[in-house]
2 protein chains.
Amino acid sequence: MKNKLNRFRKFIKDSDLLFSRERHEIAACVFDLDTHFSADELYLKLKQQGSNVSRATVYRTLDLLVKAKLLSKLQMKQGQHLYENYDGIMHHDHMICVNCGKIIEFSSTEIETIQKQICKKYNFKMKSHMLRICGLCEECQKK
Amino acid sequence: MKNKLNRFRKFIKDSDLLFSRERHEIAACVFDLDTHFSADELYLKLKQQGSNVSRATVYRTLDLLVKAKLLSKLQMKQGQHLYENYDGIMHHDHMICVNCGKIIEFSSTEIETIQKQICKKYNFKMKSHMLRICGLCEECQKK
DNA sequence: TTCCCTGCAAAGCTTTTGCATGCGA
DNA sequence: TCGCATGCAAAAGCTTTGCAGGGAA
């Protein structure tokens with residue numbers, strides 16, 4: 001967490017930007033989360049902690065964190081987005097429960113390999129990829 | 001196309017709805033397309049053809065077509081959606097060129113198989129899934 | 001002093017919804 | 001006649017942007 005904050009500070013400095021109090025506050029709050037969260041949830045959490053940052057600044061800082069590759073942005077339905085801490089080590093995908101909204105992360109090197117083969121076949125240069133499985137989680141199936 | 005129109009008519013009748021002129025017009029226009037399209041593009045195409053349908057009706061009818069499983073709805077960035085004709089035969093996924101927007105469809109039974117295994121492992125009941133690869137298509141790499 | 005950052009409010013965009021009207025069965 | 005379907009306009013929901021003021025180097 002401390003480490004990520006330093007990486008963010010470095011990114012900001014390297015981009016000739018200012019590591020403002022607001023950016024610090026928001027980043028610290030983000031790195032403190034280990035779940036998927038929306039911009040508004042983050043904004044409310046900051047408010048609750050007594051912060052005075054505005055929604056605009058939250059959005060602007062989240063963008064910076066994504067650019068710094070410290071955060072991933074996931075498209076959800078209806079123009080909503082979720083963010084998640086990104087460790088940059090290994091790509092992972094998501095299973096999303098359509099009933100309770102739970103998100104389960106998984107990864108598969110096999111799928112990654114096949115994807116690469118497919119890209120090669122089509123001469124497509126992959127920059128990113130996402131796999132999402134929607135359905136019912138274990139608990140919700142029981143209900 | 002004629003066939004899909006009949007299937008849509010049947011779906012509408014079976015749902016105790018009316019197969020109105022507008023629904024006919026919109027569905028015919030949709031089945032005539034073989035690309036991915038947005039609701040607004042469809043609306044404009046209809047206008048261009050001299051139709052007087054409103055955006056609201058376009059959206060409402062697209063929803064019906066999705067419910068009838070004659071159309072798939074894809075989430076794109078920024079809360080936008082694209083639709084594509086759905087033949088119901090085989091699932092396919094997409095490679096999207098981030099430069100020109102081209103969409104290449106592909107399918108992989110191997111990936112489908114691995115997905116099923118993963119779901120089994122997590123006791124997750126899959127209802128749908130989507131895989132998307134973003135990057136550069138062949139032409140755009142050359143530029 | 002310079003200029004980036006912030007907050008506020010307004011705008012943007014796509015999609016949905018309320019409501020009165022109207023057409024079809 | 002009855003009621004679903006439509007069109008219009010407004011609302012909704014999230015996100016972005018313009019702008020003026022404030023603060024850091």
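We name chains A, B, ... by the order of the sequence lines, and we start the count at 1 in each one. All heavy atoms count here, side chains included; hydrogens, waters and symmetry mates do not.
- Between B:Ser20 and the phosphate of D:dT6, there is a side-chain N or O to OP1/OP2 separation shorter than 4.0 Å.
- With rounding to whole Å, A:Glu41 atom CD is found 11 Å from D:dT15 atom P.
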Test log, rule salt bridge (Lys or Arg N to Asp or Glu O under 4.0 Å), inputs B:Arg55 and B:Asp40 = CA-CA 7 Å; B:Arg55 271 195 180 76; B:Asp40 211 57; 2.6 Å; yes
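- In this pair, A:His24 and A:Phe19 present their aromatic rings tilted. The plane angle is within the 30 to 60° band.
- Between the CG atom of B:Leu44 and the C1' atom of C:dC13 there is a distance of 14 Å, rounded to whole Å.
- Residues A:Met126 and B:Met95 form no side-chain contact, since every pair of their non-hydrogen atoms from C-beta on lies 4.5 Å or further apart.
- For residues 51-68 of chain B, proximity to DNA chain C is found at B:Ala56, B:Tyr59, B:Arg60, defined as any non-hydrogen atom under 4.0 angstrom from a strand atom.
- As a whole-Å value, the separation of A:Arg23 CZ from C:dG7 P is 11 Å.
- Close to D:dT15, at under 4.0 Å from its OP1 or OP2, lies a side-chain N or O of A:His81.
- Using a cut-off of 4.0 Å between Lys/Arg side-chain N and Asp/Glu carboxylate O, A:Glu138 and B:Lys125 are scored as not salt-bridged.
- The nearest whole Å value for the distance from the CG atom in A:Asp16 to the C1' atom in C:dT2 is 15 Å.
- For the side-chain hydrogen bond (donor to acceptor under 3.5 Å, both in side chains) with B:Ser51, the lone residue among B:Glu25, B:Lys45, B:Arg21 that qualifies is B:Glu25.
- The aromatic rings of B:Phe11 and B:Phe8 sit parallel, their planes meeting at an angle under 30°, below the 60° perpendicular limit.
- Rounded to an integer number of Å, the gap from CD1 of B:Ile26 to P of D:dT6 is 7 Å.
- Between the side chains of A:His36 and A:Glu105, a donor-acceptor pair is found at a separation under 3.5 Å.
- Residue B:Leu82 contributes atom CG, which lies 17 Å from atom P of C:dC13 at whole-angstrom precision.
- As a whole-Å value, the separation of B:Tyr43 OH from D:dT6 P is 14 Å.
- Rounded to an integer number of Å, the gap from CD of B:Glu22 to C1' of C:dG24 is 11 Å.
- Annotation: side chain of B:Ile111 is in contact with side chain of A:Ile118 (closest heavy-atom distance under 4.5 Å).
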Just the atom pairs and distances: protein N or O near nucleotides 20-25 of chain D's N or O, under 3.5 Å.
none

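- The 12-atom threshold is not exceeded at OH of A:Tyr86, counting heavy atoms of other residues, nucleotides or ligands nearer than 6.0 Å.
- Both B:Asp40 and B:Phe19 sit near DNA chain C, but only B:Asp40 has its closest nucleotide nearer the 5' end.
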